[in-house]
Amino acid sequence: EFLLELAQFYEIVVFTDEPPTYADPILTKLDPHKAIAYRLYRSDTQYHHGKHVRDLSKLNRDLDHVLMISAKPEAWEFQPENTLKLRAWEGTPGDTGLIDLLPFLQFMATRRIRD
């Protein structure tokens, strides 16, 4: 639901520190309607001080229009100002962190917030 709703407004990129052999089967199950525009993997991260960091500047997009959603501090080390920082998902059924973000993300997209 989250991916389908946001795909109406955003170019969705999954940027994981996992290899494609691990991530692809999971992403295929999560996204049967192909809302995810691009998939980036461990090989696309930058290994920095023992951590796989996502360098958003490598996306070839204006960073004023890039938003990362992550629960991993090592993911946003290079561009923390572009990140909505979540608590880690514990697998509990009542965790609605992503769904709770929908109204905010829809507002941002429909109001064309500049940065």
Side-chain angles (χ1 to χ4, degrees):
E1 291 177 37
F2 180 79
L3 292 172
L4 283 176
E5 181 61 30
L6 291 183
Q8 299 175 60
F9 306 107
Y10 296 96
E11 175 186 47
I12 299 174
V13 177
V14 171
F15 201 163
T16 179
D17 63 357
E18 298 295 339
T21 53
Y22 178 81
D24 274 338
I26 295 168
L27 293 174
T28 299
K29 281 264 193 201
L30 283 175
D31 186 27
H33 302 290
K34 301 192 184 324
I36 298 170
Y38 298 100
R39 298 175 181 188
L40 300 172
Y41 306 97
R42 177 175 290 170
S43 61
D44 301 304
T45 65
Q46 185 169 335
Y47 196 68
H48 181 72
H49 298 283
K51 301 177 275 188
H52 291 277
V53 182
R54 284 88 166 151
D55 185 355
L56 300 179
S57 70
K58 304 289 184 191
L59 295 176
N60 199 22
R61 303 288 187 274
D62 179 353
L63 290 184
D64 287 346
H65 301 285
V66 174
L67 176 66
M68 178 177 6
I69 301 170
S70 181
K72 289 185 158 188
E74 63 271 16
W76 64 67
E77 186 174 334
F78 293 162
Q79 291 93 10
E81 66 280 358
N82 288 76
T83 307
L84 283 176
K85 299 161 182 105
L86 302 179
R87 286 188 309 248
W89 185 63
E90 303 287 328
T92 57
D95 185 345
T96 58
L98 289 177
I99 298 297
D100 294 344
L101 285 176
L102 279 176
F104 171 72
L105 294 170
Q106 291 165 330
F107 174 83
M108 295 289 287
T110 58
R111 297 296 188 266
R112 303 259 185 229
I113 306 299
R114 288 177 32 163
D115 183 9

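Note that the coordinates shown come from a computational prediction; the quantities given were computed from them, not determined experimentally.
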Quiz item: Which of these, Thr16, Leu59, Val14, Asp17, sits in a side chain to side chain contact (heavy atoms under 4.5 Å, CB included) with Leu40?
Solution: Leu59
Quiz prompt | Worked check of side chain to side chain contact (heavy atoms under 4.5 Å, CB included) between Gln106 and Gln8 | solution = CA-CA 9 Å; Gln106 291 165 330; Gln8 299 175 60; over 6 Å; no
Exercise. Treat each ILVMFWY residue as a node, draw an edge where side-chain heavy atoms are under 4.5 Å apart, and state whether Tyr41 and Leu30 are in one component.
Key: no
Quiz item: So, for Pro103 and Asp100, which heavy atoms are closest and what is the spacing to 0.1 Å?
Solution: CD-O, 3.4 Å
Practice problem: To the nearest 0.5 angstrom, please state how far the CD1 atom of Ile12 sits from the NZ atom of Lys34. | Solution: 14.0 Å
Quiz item: What distance separates Glu11 CD from Tyr38 OH, expressed to the nearest 0.5 Å?
Solution: 5.5 Å
Practice problem: Determine the minimum heavy-atom distance between Asp31 and Ile36, stating which atoms define it. | Solution: OD2-N, 2.8 Å
Quiz item: With side chains defined as the heavy atoms from C-beta onward, is the minimum distance between Ile69 and Leu98 less than 4.5 Å?
Solution: yes
Quiz item: So which heavy atom on Leu4 is nearest to which on Ala35, and how close?
Solution: N-CB, 4.2 Å
Quiz item: Linking Ile, Leu, Val, Met, Phe, Trp and Tyr by side-chain heavy atoms under 4.5 Å, what else ends up with Val53?
Solution: Phe78
Quiz item: Do you know which two heavy atoms are closest between Ala75 and Met68, and how far apart they sit?
Solution: O-CE, 3.7 Å
Practice problem: Could you tell me whether a side-chain N or O of Gln79 sits under 3.5 Å from a main-chain N or O of Leu56, the two making a donor and an acceptor? | Solution: yes
Self-check item: Validation row: Leu105, Phe2 side chains within 4.5 angstrom (heavy atoms)
Solution: yes
Exercise. Would you mind reporting whether Asp24 and Arg39 have side-chain heavy atoms less than 4.5 Å apart?
Key: yes
Quiz item: Between the main-chain N or O of Gln46 and the side-chain N or O of Asp55, is there a donor-acceptor pair closer than 3.5 Å?
Solution: no
Quiz item: What pair of heavy atoms forms the shortest contact from Leu63 to Asn82, and how long is it?
Solution: O-ND2, 2.7 Å
Practice problem: Tell me, yes or no, whether the heavy-atom count around Glu1 atom CD, taken from other residues, nucleotides or ligands under 6.0 Å, exceeds 12. | Solution: no
Quiz item: Any donor-acceptor pair under 3.5 Å linking the side chain of Arg87 with the backbone of Lys85?
Solution: no
Quiz item: Between CE of Met108 and CG of Leu84, what distance do you get to the nearest 0.5 Å?
Solution: 8.0 Å
Quiz prompt | Hydrophobic cluster identity match, Leu102 and Leu3, side-chain contacts under 4.5 Å | solution = yes
Exercise. Using the ring pair (Phe, Tyr, Trp, His ring centres under 6.0 Å) rule, collect all pairs that involve residues 6-28, keeping only residues at least two apart or in two chains.
Key: none
Quiz item: Trp89: which other cluster members, linking ILVMFWY side chains closer than 4.5 Å, directly or transitively?
Solution: none
